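Below is one structure, written out as structure tokens, with a few remarks after it.
These numbers were taken from a predicted model, which means no experiment stands behind them.
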Amino acid sequence: MRDGIACLDALAACMHARGWTAYISAPADRLASLAVQDPHDERAGAGDIVAAPGGTNGDWWYWFSWAERIAPVHAPGAAADAVISALQQPLSAGPSAQLED
């Protein structure tokens, strides 16, 4: 079994290396999550990310809070790039637009 907080910590380090803010929240009654934000662009989206098993084989993945799988936890650099790409999309093309359909 993996440690979700350790996985989020690895992703946080990658986000920090790319100039983004990232902090872990670990309330007792929920999954730990990583909040990320581009501090240089207030228009860019912010997101919450969790690390959890993502299939029948038990592999762990990073997930957006809206239940979209990002990348496997063994690739935090690729996950950081995917998070930044997704959150820098115009709002009309981002996850909230999908909810309006």
Side-chain angles (χ1 to χ4, degrees):
M1 176 177 233
R2 290 193 179 265
D3 178 358
I5 293 176
C7 295
L8 293 174
D9 193 46
L11 179 56
C14 291
M15 297 300 293
H16 290 148
R18 288 158 175 78
W20 282 53
T21 59
Y23 63 90
I24 295 173
S25 174
D29 59 341
R30 294 189 332 206
L31 283 175
S33 64
L34 180 70
V36 297
Q37 174 71 51
D38 182 352
H40 305 294
D41 186 357
E42 292 180 10
R43 296 172 295 144
D48 289 321
I49 298 158
V50 298
T56 57
N57 59 1
D59 290 344
W60 278 59
W61 288 74
Y62 294 110
W63 297 81
F64 284 112
S65 59
W66 56 86
E68 180 181 343
R69 197 162 61 176
I70 302 168
V73 297
H74 65 76
D81 292 338
V83 167
I84 291 168
S85 177
L87 296 179
Q88 287 183 335
Q89 291 181 10
L91 289 178
S92 62
S96 61
Q98 295 171 358
L99 296 175
E100 294 173 4
D101 291 339

Next item on the list: Tell me, with the steps shown, if Val73 and Tyr62 meet side chain to side chain contact (heavy atoms under 4.5 Å, CB included).
Entry: CA-CA 6 Å; Val73 297; Tyr62 294 110; 4.0 Å; yes
Which heavy atom in [X] sits nearest to a heavy atom in [Y], and how many Å separate them?
X	Y	result
Met15	Ile84	CE-CG1, 3.8 Å
Gln37	Trp20	C-CE3, 3.2 Å
Ala22	Val36	CB-CG1, 4.0 Å
Val50	Ala32	CG1-O, 3.5 Å
Phe64	Ala86	CZ-CB, 3.7 Å
Pro53	Trp63	O-NE1, 3.9 Å

Item checked: Between SG on residue Cys7 and CD1 on residue Ile49, distance to nearest 0.5 Å ->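 One finds 12.5 Å between SG of Cys7 and CD1 of Ile49.
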Check: To the nearest 0.5 Å, how far apart are CG in Asp9 and CD1 in Ile24?
Finding: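 Answer for the CG-CD1 pair, Asp9 versus Ile24, is 4.5 Å.
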Checklist line | Arg18 (side chain) donor-acceptor with Ala80 (main chain) under 3.5 angstrom | finding: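 Pair absent, no side-chain N/O of Arg18 close to backbone of Ala80.
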Checklist line | Test side chain to side chain contact (heavy atoms under 4.5 Å, CB included) applied to Ile70 and Val83, step by step | finding: CA-CA 7 Å; Ile70 302 168; Val83 167; 3.9 Å; yes
Margin query: Against Leu8, only a single residue in Leu34, Leu31, Asp3 fulfils side chain to side chain contact (heavy atoms under 4.5 Å, CB included); can you say which?
Written below: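 Exactly one pass, corresponding to Leu34.
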